[in-house]
Enquirer: 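Structure incoming, see below.
Because the structure is a prediction, the values reported are computed rather than measured.
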Amino acid sequence: GNELYLYFQTDVPTKVSYTIHVEDESIPDYTAEAMDASGQEYTRTHEFQIIGLVPGKTNEVTMTISGSWGNARQIVSFTVDMPETRSGYATQLEVTDGTSEAAQAEGLFAMMRVNGYLGYGFFYDDAGVLRYEMVLEGYHSDRFLWDEDGSLITCVGSTKVARLNRFGQVTQVFDLGQYELHHDINWGPEGTILALATDLEGETVEDQVLQIDLESGQVTHIVDFTQVFQSYFDITRPVQATDPFGLWSEGEWDWLHLNSLQYDESDNSIIVSSRETSTIIKCALGEEPSIVWMVGNPDFWEGTDFAQYSLEAQGDFNYQYGQHDVELMPVQEVEALGFEAGGEGQLYLRVYDNNYYAMSSRDDFQVEVPEEVGTANMEDGVDSHVYYYLVDEAAGTFTLVDSFDLPYSSLVSNAKWMGDTYVVNNGVHQCYEEYDQQGNLIRQYKYTCTANGYRVMKDSFEGFWFLPQ
C-alpha cells in the first residue's frame, strides 16, 4: 500500500498531525492526526503510519508535533516520491457534484471487491483521490469490523478471515477449512463474528453460516439452509447455461444465494438476504435453526411448506427484487429520519433494492413482476432504490415507510448510513455516491472495473489510522 511507516522519540509527550501536498491543482491537500501504535494520544515514543500519500507523485509532507497544551513544539517537512499503484488502478476518480449542499461524512470511501482487481481494496477521499491501496491474498474484503482494541477484522483470502493491526500486519488468522467465504461477514453473539459460506465438500453454494470465536479461533458451522428449507430445496436444481446467470454460474446449485447477514441479539436470530428468491429471511439460531419470518413477494413460496412464514405487505408498493445489503436500522437512524419509534416486536430494515428479478433454480416457475422491475438486460433498468421497511413481527406485516431512487444496478451494491448522510454503491452502474438524509445527491464518483464493484463503505478510520476527534 501507499503508506509511510515512522518511528521516532520526543523529549516530552506529544502528538503528530500531518499535511500532504502535491503539485497538482486537481488534488487538494490532505490533513490528518496520526494514531500511535500505543493507542495513546500523547506519547514520547512515536510509531505510526502516514496514510494519504498520492501514488505516482512527489508528496510534500509537513508534520506538526504538538504538546498536550496545544502548542506546536516542532514542525518538520520532507518529500516522498511515491511509486505508482501496485494494482495499476486509477489515482483519481471522475467526480460530479449533486444538488445537495449538505456536508459529507468525515473519512475515506473504501471500495471492496472491485472485479478485475480482486486482490486489492481502494480508499478514496472526498475529492476522489486514492489515499491508500490495501493488498490482500488475491481475494477481497467483504466488510470491515472494528474490534474494541482498535484492530480490523476482515476477509483476506477465500477461506481466511484475519485480524490486522494499525500497520496492516496480520496478528490472528481464522482458517475456515472446508468453507469458502462469500458476500458478507458481520458481528455475531458476543465475542464472535458470523460469516456467509459455501461448503466446498457439499453440492450447493452460498447457503451456509459459520460462527467464529475471536478468542479461541474456533470455527463452528451453525446453519445449513438446505436443512432449514429442506422440502423447498428439494424442488430446486443447479444453474443451467440458458439461465439468467448461466454465463458464470453454470453447474452451480445456487438455489438461495445469500448475500448479506446481520445478527439480531434481541432474540438470537440472523437476518439474511436471499437474492435468488428476492426474500429477506429471519432465522432463529440454536440446535435446530428455524424460519421466523420472510419479507418479499409471497408468490415465491406459494404451494411450499414455507408460505406460512411470508409476512403480509401493508400498503401499495412494489416488493424488493434481487436485493442486497439488508441492515437492521439503529435507533439513531430511525430517529434521524423521523420515523415513529419501533414498538414491541417492531423493527426497521434498510434495504438496497436492486429492482432486478431473475430466477435460475426452478423449472417452469417464474414470478410475475411489475413492468418497472428489470428482468432481461442486466444493464438497463428504471431505477434501483434504498427501501425502508417497518416489520411488525406481532402483526405479521411489513410496510414500506420511505424510499429514494438510485442509478440502476441489477446486481451487487449496498447503502451505508453515516449519521447524517448515506453512502451508496451502484455496482453495475460503476459509481458510488453520498446522499443527504432526504436522498438528495451530494456527490457522485465514477469508477471502472470488470462488470461491477461489490460494496463501498465509508469510515473515519479513527482509532485505527487516525486519532479520534
Side-chain angles (χ1 to χ4, degrees), residues 19 25-33 51-52 92-112 122-132 143-144 146 324-341 348-355 383-390 400-409 413-427 429-447 453 455-463 465-469:
T19 297
E25 290 184 1
S26 68
I27 299 177
D29 289 353
Y30 185 78
T31 299
E33 286 193 312
I51 301 294
Q92 287 181 273
L93 302 181
E94 180 186 328
V95 181
T96 306
D97 286 332
T99 57
S100 176
E101 296 182 2
Q104 292 185 261
E106 292 292 325
L108 296 172
F109 295 96
M111 294 173 60
M112 305 177 189
F122 303 115
F123 299 75
Y124 286 88
D125 67 14
D126 287 349
V129 178
L130 183 67
R131 295 297 179 177
Y132 184 68
R143 187 184 293 271
F144 289 156
W146 303 105
H324 285 69
D325 194 46
V326 176
E327 294 204 29
L328 264 173
M329 291 167 59
V331 172
Q332 298 92 322
E333 182 182 4
V334 172
E335 291 176 346
L337 291 172
F339 298 161
E340 289 184 17
Y348 285 92
L349 300 177
R350 178 178 6 93
V351 182
Y352 186 102
D353 168 35
N354 294 77
N355 202 31
D383 285 310
S384 294
H385 314 97
V386 167
Y387 266 13
Y388 302 93
Y389 280 140
L390 171 61
L400 182 69
V401 291
D402 203 358
S403 68
F404 63 88
D405 297 340
L406 304 170
Y408 183 68
S409 185
S413 310
N414 71 293
K416 177 176 170 59
W417 183 62
M418 295 299 302
D420 294 309
T421 65
Y422 286 94
V423 169
V424 177
N425 176 48
N426 307 287
H429 207 76
Q430 297 186 6
C431 63
Y432 63 85
E433 298 97 20
E434 193 159 356
Y435 294 89
D436 65 20
Q437 207 84 268
Q438 291 71 44
N440 303 308
L441 178 66
I442 304 172
R443 192 168 274 183
Q444 181 186 75
Y445 304 81
K446 289 286 289 180
Y447 59 86
R455 186 175 273 152
V456 176
M457 309 188 90
K458 195 177 192 183
D459 200 281
S460 67
F461 295 94
E462 291 178 0
W465 286 331
F466 311 122
L467 264 183
Q469 297 303 305

Enquirer: After noting the C-alpha distance and the side-chain angles of L406 and H429, does the key distance pass the side chain to side chain contact (heavy atoms under 4.5 Å, CB included) rule?
Expert: CA-CA 10 Å; L406 304 170; H429 207 76; over 6 Å; no

Enquirer: Ignoring hydrogens and geometry beyond distance, is a side-chain donor-acceptor pair present between D353 and Y389 at under 3.5 Å?
Expert: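 Note: D353 and Y389 side chains miss the donor-acceptor criterion.
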
Enquirer: Any chance you could lay out the side chain to side chain contact (heavy atoms under 4.5 Å, CB included) test for F122 and Y447, step after step, and finish with the verdict?
Expert: CA-CA 11 Å; F122 303 115; Y447 59 86; over 6 Å; no

Enquirer: Give, for atom CD of E106 and atom OG1 of T421, the distance between the pair rounded to the nearest 0.5 Å.
Expert: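 Answer for the CD-OG1 pair, E106 versus T421, is 10.5 Å.
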
Enquirer: Grab the two heavy atoms, one from Y30 and one from D125, that are nearest each other, plus how far apart they are.
Expert: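 Closest heavy-atom pair between Y30 and D125: CD1-OD2, 4.2 Å.
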
Enquirer: First locate atom CD1 of I442, then atom CD of E434, and finally report the distance between them rounded to the nearest 0.5 Å.
Expert: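 Rounded to the nearest 0.5 Å, the CD1-CD separation comes out at 5.0 Å.
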
Enquirer: Counting C-beta onward and ignoring hydrogens, is there a side-chain heavy-atom pair between K446 and T96 closer than 4.5 Å?
Expert: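 Side chain of K446 against side chain of T96, heavy atoms only: no contact under 4.5 Å found.
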
Enquirer: So F109 and Y124, ring pair (Phe, Tyr, Trp, His ring centres under 6.0 Å) or not? Walk me through it.
Expert: CA-CA 5 Å; F109 295 96; Y124 286 88; 8.6 Å; no

Enquirer: When the ring planes of F461 and F144 are compared, do they come out parallel, tilted or perpendicular, using 30° and 60° as the limits?
Expert: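 Geometry flag for F144 against F461: perpendicular rings.
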
Enquirer: Tell me the closest heavy-atom pair linking P407 and Y352, and the distance in Å.
Expert: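 Between these two residues, the closest heavy atoms are O-OH, 3.9 Å.
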
Enquirer: What distance do M457 atom CE and N414 atom CG have between them, rounded to the nearest 0.5 Å?
Expert: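 Interatomic distance, M457 CE to N414 CG, rounded to 0.5 Å: 6.0 Å.
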
Enquirer: Any chance the side chains of H385 and N355 put a donor and an acceptor closer than 3.5 Å?
Expert: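 No donor-acceptor contact under 3.5 Å links the two side chains.
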
Enquirer: Has the side chain of K458 got a donor or acceptor atom that lies under 3.5 Å from a matching backbone atom of A105?
Expert: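 Yes, because the side chain of K458 sits within donor-acceptor range (under 3.5 Å) of the backbone of A105.
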
Enquirer: Can you tell me how far apart CD (E327) and NZ (K416) are? Round to the nearest 0.5 Å.
Expert: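 Here the rounded value is 7.0 Å.
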
Enquirer: Which atoms form the tightest heavy-atom contact between G128 and V95, and what is the distance?
Expert: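 What the structure gives for the nearest pair is CA-CG2, 4.0 Å.
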
Enquirer: Can E333 and Y388 be counted as having a side-chain donor-acceptor contact under 3.5 angstrom?
Expert: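 Per modelled atom types, E333 and Y388 side chains form no pair under 3.5 Å.
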
Enquirer: What distance do R350 atom CZ and D325 atom CG have between them, rounded to the nearest 0.5 Å?
Expert: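 So the gap between those two atoms works out to 7.0 Å.
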
Enquirer: On a heavy-atom basis, which atom in Y435 and which in D405 lie closest, and how many Å separate them?
Expert: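 The pair with the smallest heavy-atom distance is OH-O, 4.5 Å.
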
Enquirer: Within the distance-only criterion (no hydrogens, no angle test), does the side chain of S384 pair as donor or acceptor with the backbone N or O of S409 below 3.5 angstrom?
Expert: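 Yes, the answer is positive, given that a donor and an acceptor are paired below the 3.5 Å cut-off.
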
Enquirer: Report the C-alpha separation of W146 and D459 in whole Å, then their side-chain angles, then the decisive distance to 0.1 Å, and conclude whether the side chain to side chain contact (heavy atoms under 4.5 Å, CB included) test is met.
Expert: CA-CA 10 Å; W146 303 105; D459 200 281; 3.0 Å; yes

Enquirer: Taking side chain as C-beta onward, heavy atoms only, is Y348 less than 4.5 Å from L390?
Expert: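 They are in side-chain contact.
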
Enquirer: Looking only at non-hydrogen atoms, find the nearest pair between R455 and N425 and report the distance.
Expert: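 For R455 versus N425, the nearest heavy atoms are N-ND2, 3.6 Å.
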
Enquirer: Donor-acceptor pair, distance only, cut-off 3.5 Å: does the side chain of S413 make one with the backbone of G427?
Expert: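 Yes, the answer is positive, given that a donor and an acceptor are paired below the 3.5 Å cut-off.
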
Enquirer: Of all heavy-atom pairs between I27 and R131, which one has the smallest distance, and what is that distance?
Expert: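 Looks like CG2-NH2, 3.8 Å.
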
Enquirer: Report, as yes or no, whether the 6.0 Å neighbourhood of atom CD on Q437 holds more than 12 heavy atoms from other residues, nucleotides or ligands.
Expert: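 Count over threshold, so yes.
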
Enquirer: Is the number of heavy atoms from other residues, nucleotides or ligands under 6.0 Å of N440 CG greater than 12?
Expert: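 Correct, the count exceeds 12.
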
Enquirer: Apply the test side chain to side chain contact (heavy atoms under 4.5 Å, CB included) to residues M329 and F339: give CA-CA distance (whole Å), side-chain angles for both, the deciding distance (0.1 Å), then the verdict.
Expert: CA-CA 11 Å; M329 291 167 59; F339 298 161; 3.9 Å; yes

Enquirer: Is it the case that the ring center of Y445 lies less than 6.0 angstrom away from the ring center of Y432?
Expert: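 Yes, they do, as the ring centres are separated by less than 6.0 Å.
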
Enquirer: Nearest 0.5 Å, what's the CE-CG distance between M111 and L93?
Expert: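 These two atoms lie 6.5 Å from each other.
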
Enquirer: With side chains defined as the heavy atoms from C-beta onward, is the minimum distance between W465 and L108 less than 4.5 Å?
Expert: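 W465 reaches L108 side chain to side chain.
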
Enquirer: Other residues, nucleotides and ligands only: do more than 12 of their heavy atoms fall within 6.0 Å of CD on Q469?
Expert: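 Yes.
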
